[in-house]
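In each ligand, atom 1 is the first atom listed, and ligand 1 is the first ligand listed.
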Amino acid sequence: MCGIVGYVGPRNAVDVLINGLSKLEYRGYDSAGVAVNTGNHLEIRKNAGKLGVLSEALKGQSLTGTLGIGHTRWATHGRPNDVNAHPHATEDGKIVIIHNGIIENYLPLKESLIAKGHSFKSETDSEVLAHLIEEQYKGNLEQAVRTALKQVRGAYSLVVTHADHREIVAARTVSPLVMGVGNGENFLASDVPALLAYTREVIFLHDGDMVVIHENDYRITDLAGNEVSREVTHIEWDAEAAEKGGFDTYTLKEIFEQPQALTNTLLGRLRDETGEVDLDINLDPKSFKRISIIACGTAFYAGLVGEYLIEQLARIPVEVDVASEYRYRQPLVSENTLAIVISQSGETIDTLEALREAKKDGAKTLGVINAKGSSMTREVDDVLYIHSGPEIGVASTKVYTSMVSAMLMLALWLGRARGTLDSAKGAELIHAARELPRLVEQALEPERVENIKRIAEKYKNARDYLFLGRGVNAPTAFEGALKLKELSYIHAEAYAAGEMKHGPIALIDENLPVVAIATDSFLLEKTISNIQEVRARSGQVIAVVSDGDTDASRHADDVIFVPKAHEMVSPIVNVVALQLLAYFTATTLGKDVDKPRNLAKSVTVE
Ligand code: AGP
């Protein structure tokens, strides 16, 4: 998954490109490059490493021009080095391209191009696109791109320019691409934050769209060349919202944004008087006999909480799959199956393809998604937006708690409509949901944060961690372990606490910190027994305990007190402590928490 920017207008293109790419580095930062039209010549500058390396290299040069394209890369084919960095050019340097996605049939295409005399510089699949377009170019760049793409199989957001044409041609299939509409200037980017310094008028290009932009006009067509019209969306986010807001990192900002994010997710959807929710979903909640929840990573763990809540409150069988497995296991789907895809980006290719699989098999589909206008939002039968706002930190935090609160609202929606949840119980849960922003605010109080920072420091040299949770908080343990792995690179495993004695207990010794989620629950006594089993083997126990619970707290070496919450919403309050534990462990170890190694914010390649 990579970051792409294109610009044509009166400004110095290098400034626009570098500024835009700096807002997209979360999409990948193995290398970066720009190409600028300096008259009737395309100058390329590209470097391995983060964008800063390129910015530094450009400082010493007078690369000026008012049309350009730029790219920050997350490597799929070919090592992250200068040669494999984008942009890629034809041998004569006349055609230059940048690409986000994967060209699945690039090898046969490359072989055939080499047989025709083309020579390649890089190991990438993307470079094939430049040569394919060159093959088709007879003076009309748009036509050459259109014809070339007919031979391509895979995912792309592709941006192309030619030294002799003051225009930029772009196309997208699967990988995201948005257009920024300016006044006497136009922009292209992989995502909105790259545009906000210049325009709030954005067009979310659809799969199969092509666009040609000039400074004063643009034209959108489908791959067959038929003109299509796309609405211009006014983006409310201000540039500030996508910045760090005074925090050291995006990740910490987003952890502290959770009360607001939860407010936005729940806003206008809770009906206290009837104990119901108003989700504006045009699906019949009574028509489903089974539910599939499909997602990846953190979104998958939100789905596990959803399984628990929906089965408890709506009494419908729920299966939860990681998307990469769902796609290939011939799942049993019927017309009374509801397939729920959960995704922050709405672009994760595994989840997108799993969605297509479920649709093909006849399921009704619902997206629980953050990114407006993303690919998944256009392919599901309906969308429940979670309105978390931009999440730039690669490790998901505020979006996770928003996803879980969306799962609670779906469970309420289903349970109340199907009569398995009466109005009194519904009102109780609505009240619990309303309390969430305040409880999460409390969970972020300075003295709690300081205590967690202390614990992170104490165990920072651990080689491994074990996370334990039960019931609705078993997924919380899994999400906590994932956060620690992603941010600090310390190995961490999570288990349903009752499972520990079936093997993992062999791991327990004085070097192993064990995080046990021991908050208020009907299962608390059993969790305390698990904690005692760990202590009996000299394991170090960090217990997450509800405020005031001195019984559970006395069994632990270290205690993280969290605000007491209704058990059905406690995963949202409890996970905040685990996010902070992972964050401070990572900062204590000097890790780059916003851009952890090897990761990308949204994995749009398989
Ligand atoms: C979360 O911390 C990870 N960065 C990753 O697991 C992420 O949740 C996963 O890739 C799914 O992304 P999505 O929600 O955009 O589909």
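Between Asp125 and His99 there is a side-chain heavy-atom pair separated by less than 4.5 Å.
Among protein heavy atoms, atom 2 (O) of ligand 1 sits closest to Glu486 OE1, 2.6 Å. The protein atom (non-hydrogen) at minimum distance from atom 10 (O) of ligand 1 is Val603 CG2, 4.3 Å. Atom 7 (C) of ligand 1 has its closest protein heavy atom at Thr298 N, 4.2 Å. Scanning the protein for heavy atoms near atom 15 (O) of ligand 1, the closest one is Ser345 OG, 2.7 Å. In terms of protein heavy-atom proximity, atom 12 (O) of ligand 1 is nearest to Thr348 OG1, 3.4 Å. The nearest heavy-atom contact from the protein to atom 14 (O) of ligand 1 is Gln344 N, 2.7 Å.
Residue Gly297 holds the heavy atom nearest to atom 6 (O) of ligand 1 of all those in Ser374, Cys296, Gly297.
The pair Asp321-Arg329 counts as a salt bridge, with a side-chain nitrogen and a carboxylate oxygen less than 4.0 angstrom apart. Here Glu479 pairs with Lys483 in a salt bridge; the nearest charged N to carboxylate O distance falls below 4.0 Å. Classification of Glu457 and Lys453 as a salt-bridged pair fails, no side-chain N sitting under 4.0 Å from a carboxylate O. Salt-bridge annotation for Arg438 and Glu441: absent, with no side-chain N of the basic residue lying under 4.0 Å from a carboxylate O of the acidic one. Under the 4.0 Å criterion applied to side-chain N and carboxylate O atoms, Lys398 and Glu254 are not assigned as salt-bridge partners.
Annotation for Glu123: atom CD counts as buried by contact number, over 12 foreign heavy atoms lying within 6.0 Å.
Under the rule for a side-chain contact (heavy atoms from CB on, under 4.5 Å), the partners of Phe561 that lie at least two apart in sequence or sit in another chain are Arg448, Val545, Asp547, Ser553, Val559.
Listed by atom number, the atoms of ligand 1 under 4.0 Å from Ser396 heavy atoms are 1 (C), 2 (O). For ligand 1, the atoms lying closer than 4.0 Å to a non-hydrogen atom of Ala395 are 2 (O).
Annotation for Ile455 and Leu581: closest pair CG2-CD1, 4.0 Å, computed over non-hydrogen atoms.
In this structure, Phe478 has its ring center at least 6.0 angstrom away from the ring center of Phe467.
No N or O atom of Thr351 sits closer than 3.5 Å to an N or O atom of ligand 1. For ligand 1, the polar-atom distance check finds no N/O of Lys601 at less than 3.5 Å from any of the ligand's N/O atoms. Residue Ser602 has no N or O atom closer than 3.5 Å to an N or O atom of ligand 1. Residue-to-ligand polar distances keep Gly346 apart from ligand 1: every N/O pair is separated by 3.5 Å or more.
Ligand 1 lies out of reach of Glu347, whose nearest heavy atom is not under 4.0 Å from it. Within the 4.0 Å heavy-atom shell around ligand 1 one does not find Leu599.
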